[in-house]
Q: 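Supplied in structure tokens, the structure appears directly below.
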Amino acid sequence: MKKLTSISTALLVIGFGISLASSAKVTVFAAASMTDALQKIATDYAKQNPKNEVVFSFASSSTLAKQVEEGAPADIFVSASNKWMKYLSEKNFTLKETEKTLAGNELVLIAPLKSAVDSVEISKGEWLGALKDNYLSVGDPAHVPAGQYAEEALTKLNLWDKVKDRLARAKDVRGALALVERAETPYGIVYGTDAKVSQKVKTVGVFPVGSYKPVMYPMAILKDHDNADSRDFFNYLNSERAKQVLEGYGFSVK
């Protein structure tokens, strides 16, 4: 009886080992503005690759880059700014041959859905009058790419000095979106894709092309995390199906 118990235990351990070996996990650190699109892509991917689980950590690109630098176990990094990809690349945290652009985006001005304002001409700055007793919701320009693009655009349009002291600084672009969704601020600056996924805001203006650097989303496999599983999902992100999903959420792809 004791012998049979030992054999059963051994078989259980072997079976557990096989179970572990038959599944894998790919961890992706990605910009908050990519949340909905990447989750949809991962859902589609899972239908074809049920044994390769994909998990995400979404936050500001700068926050994620610093976490990678501190040793966080990420396999793939997707940034909303070339700046933070370059930051990790120069510190040799990425596989440089895998660095490539996944998608592009645009910067927009949003208002709560119930706002009486439907359209503004951003460059004229008349909309700033609503900020007299209120704030403009943005990702914190000190470290959030969306906020940095916003600062660049407002500076180019000679509006920055008029708003820099009236900013509600969110920890990432989705935080900036949430403030406007709750009508805690009359306006916010987010990406076009963020406005598109929300049912509580509307786009009232699009920032002029040339007023800020093109919004690009570079991605790369991280050093020491180059394996068959991470490569498989990384390649799927470059597939036509993934591109269709990205376009469906409002991103631009090549």
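Computed from heavy atoms alone, side chains included, the values below leave out hydrogens, waters and symmetry copies.
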Q: Output yes when a side-chain donor or acceptor of Thr43 lies under 3.5 Å from a complementary backbone atom of Gln39, and no otherwise.
A: yes
Q: Mark yes or no for whether Trp127, through its side chain, and Ile122, through its backbone, hold a donor-acceptor pair below 3.5 Å.
A: yes
Q: Give the intermediate values and the outcome of ring-ring contact (aromatic ring centres under 6.0 Å, His included) for residues Phe251 and Tyr217.
A: CA-CA 10 Å; Phe251 292 94; Tyr217 290 78; 5.4 Å; yes
Q: Quick check against the 3.5 Å criterion: does Ser198 have a side-chain atom that pairs as donor or acceptor with the backbone of Lys200?
A: yes
Q: Looking at every heavy atom in both Asn134 and Ala130, which two are closest together, and how far apart are they?
A: ND2-O, 3.1 Å
Q: Closest approach of Asp229 and Tyr45, non-hydrogen atoms and distance?
A: O-OH, 4.4 Å
Q: Hydrogens and angles aside, do Thr193 and Asn105 bring a side-chain donor and acceptor to less than 3.5 Å of each other?
A: yes
Q: Are any side-chain N or O atoms of Asp226 and backbone N or O atoms of Leu222, one a donor and one an acceptor, separated by less than 3.5 Å?
A: no
Q: Is there a donor-acceptor pair under 3.5 Å between the side chain of Tyr191 and the backbone N or O of Ala146?
A: yes
Q: Any side-chain donor-acceptor pair under 3.5 Å between Ser81 and Gln148?
A: no
Q: Is the centre of the Phe77 ring less than 6.0 Å from the centre of the Phe29 ring?
A: no
Q: Any side-chain heavy-atom pair from Glu106 and Val215 closer than 4.5 angstrom?
A: no
Q: Verify the cluster assignment for Tyr187 and Val206: are they in a single hydrophobic cluster under the rule of side-chain heavy atoms below 4.5 Å apart?
A: yes
Q: Would you name the heavy atoms of Met216 and Tyr149 that are closest together and state the gap between them?
A: N-OH, 3.9 Å
Q: I'd like to know if Trp84 and Val173 are part of one continuous hydrophobic network [Ile/Leu/Val/Met/Phe/Trp/Tyr, side-chain heavy atoms within less than 4.5 Å].
A: no
Q: Lys100 side chain to Met219 main-chain N or O, any donor-acceptor pair under 3.5 Å?
A: no
Q: Answer yes or no: is there a side-chain heavy-atom contact under 4.5 Å between Lys202 and Ser115?
A: yes
Q: As an exercise, state the distance from CD1 of Ile76 to NE2 of His225, rounded to the nearest 0.5 Å.
A: 11.0 Å
Q: For Asn92, check side-chain hydrogen bond (donor to acceptor under 3.5 Å, both in side chains) against everything at least two apart and list the hits.
A: Lys96
Q: Any carboxylate oxygen within less than 4.0 angstrom of a Lys/Arg side-chain nitrogen, looking at Asp44 and Lys40?
A: yes
Q: Mark yes or no for whether Lys254, through its side chain, and Ala103, through its backbone, hold a donor-acceptor pair below 3.5 Å.
A: no
Q: I'd like to know if Arg182 pairs up with Glu184 as an ion pair, taking the criterion as any Lys NZ or Arg NE/NH1/NH2 lying under 4.0 Å from an Asp or Glu carboxylate oxygen.
A: yes
Q: Sub-3.5 Å donor-acceptor pair from the side chain of Ser239 to the main-chain atoms of Ala242, do we have one?
A: yes
Q: Looking at residues at least two apart in the chain, or sitting in another chain, which of them share a ring pair (Phe, Tyr, Trp, His ring centres under 6.0 Å) with Phe58?
A: Phe56
Q: Could you walk me through whether Val204 and Asp118 pass the side chain to side chain contact (heavy atoms under 4.5 Å, CB included) test, one step at a time?
A: CA-CA 5 Å; Val204 295; Asp118 291 319; 5.6 Å; no
Q: Would you check if the side chain of Thr155 reaches a backbone N or O of Glu151 as a donor-acceptor pair within less than 3.5 Å?
A: yes
Q: Does any N or O in the side chain of Glu53 come within less than 3.5 Å of the main-chain N or O of Val26, such that one atom is a donor and the other an acceptor?
A: no
Q: What residue among Thr203, Leu177, Val180 forms side chain to side chain contact (heavy atoms under 4.5 Å, CB included) with Val190?
A: Leu177
Q: Check whether any side-chain heavy atom of Leu131 sits under 4.5 Å from a side-chain heavy atom of Pro186, and report yes or no.
A: yes
